[in-house]
Amino acid sequence: MAADARVLFLGSGGARFVVARQLRASGGMWFHFGETQIHLDPGPGALVRALSHVPPLNPRDLDAIVLSHKHLDHAGDINAMIEAMTAGGFRRRGTLLAPRDAFEGDSLLQPYAAAFVERREILEPSRSGYRVGEVEIASSPLHHHAVQTLGVHFQYRDLRVAYLPCGRFDESIAADYAAHRPDVLIVNVLRFEDAMQVDHLTWAQARTIVEMVRPSVAIFQHFGTKMLERDPARLAQEVEDDLGLRAIAAYDGLEIDLATQVAAVRG
Ligand SMILES: [Zn+2]
Ligand SMILES: [Zn+2]
């Protein structure tokens with residue numbers, strides 16, 4: 001198993017109400033894969049959360065910022081994080097990986113900030129061969145969401161970590177995640193149940209996806225109000241008991257040693 005692979009949750013909340021009131025933070029995820037550092041989905045507060053973490057995470061050490069889609073709860077701090085990664089734009093460095101429409105038209109990502117990054121790459125659907133430092137990156141098929149939204153698969157040595165961002169449930173998309181056979185699957189589950197059809201997973205759907213993908217470790221995050229009311233930790237425990245895998249409900253500041261968790265499940 002890979003030696004050093006960690007993720008720190010700079011936020012675990014999602015949806016407008018939770019983010020607007022910061023019931024849970026929305027700073028995204030910061031990965032260490034050996035020497036390679038990647039920040040995924042820098043939502044509102046990402047920079048403050050990174051710098052105020054103990055010990056602080058230094059954006060100047062980032063190798064890449066990856067964006068699943070351009071909604072505020074994922075991209076609110078993207079320009080601030082790019083400026084921090086590039087020392088206010090004075091040091092052109094790093095990689096920015098985002099769907100095509102994040103670079104176009106009505107987008108939080110400002111062209112002036114994008115220009116500070118050394119390498120900008122468009123994340124195309126179902127594409128492999130992206131590379132950041134020691135990490136190989138592939139993308140999921142396009143999710144059903146209001147803007148172009150893509151999940152990502154990280155491969156670091158023999159560890160595979162998948163991130164399944166927001167989007168409506170789709171069995172063929174879930175099957176595609178399963179085909180990548182991730183050791184760790186991070187799933188955004190915003191809603192507990194659905195009165196109307198919205199482009200987000202419900203708890204039951206997220207659980208179905210975990211059953212289909214069967215990772216060693218499933219991590220739930222990006223909770224809306226109704227999910228928080230249902231106690232995500234208790235729900236994750238049910239999944240763990242029923243499916244015989246490690247299931248974790250993320251909270252703000254949670255740090256997970258991915259390699260160790262996967263190794264513990266594999267025994
Ligand atoms: Zn979202
Ligand atoms: Zn969204």
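Note that ligands are numbered from 1 as they come in the structure, with each ligand's atoms numbered from 1 the same way.
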CZ/Phe9 to CZ/Arg49 distance, rounded to the nearest 0.5 angstrom? 14.0 Å
Could you state the interatomic distance from CD1 (Ile65) to CG (Asp41), rounded to the nearest 0.5 Å? 11.0 Å
Work out how many protein N, O or S atoms lie closer to the Zn ion (ligand 2) than 2.8 Å. 3
Any side-chain donor-acceptor pair under 3.5 Å between [X] and [Y]?
X      : Y      : value
His145 : His71  : yes
Tyr130 : Glu124 : no
Asn79  : Glu83  : no

Which pairs would a plain distance check flag for residues 219-227, meaning a side-chain donor or acceptor within less than 3.5 Å of a matching protein atom at least two apart in sequence or in another chain?
unit_1 : atom_1 : unit_2 : atom_2 : d
Gln221 : NE2    : Asn188 : OD1    : 2.5
His222 : ND1    : Gly13  : O      : 3.1
His222 : NE2    : Asp73  : OD2    : 3.1
His222 : NE2    : His74  : NE2    : 3.0

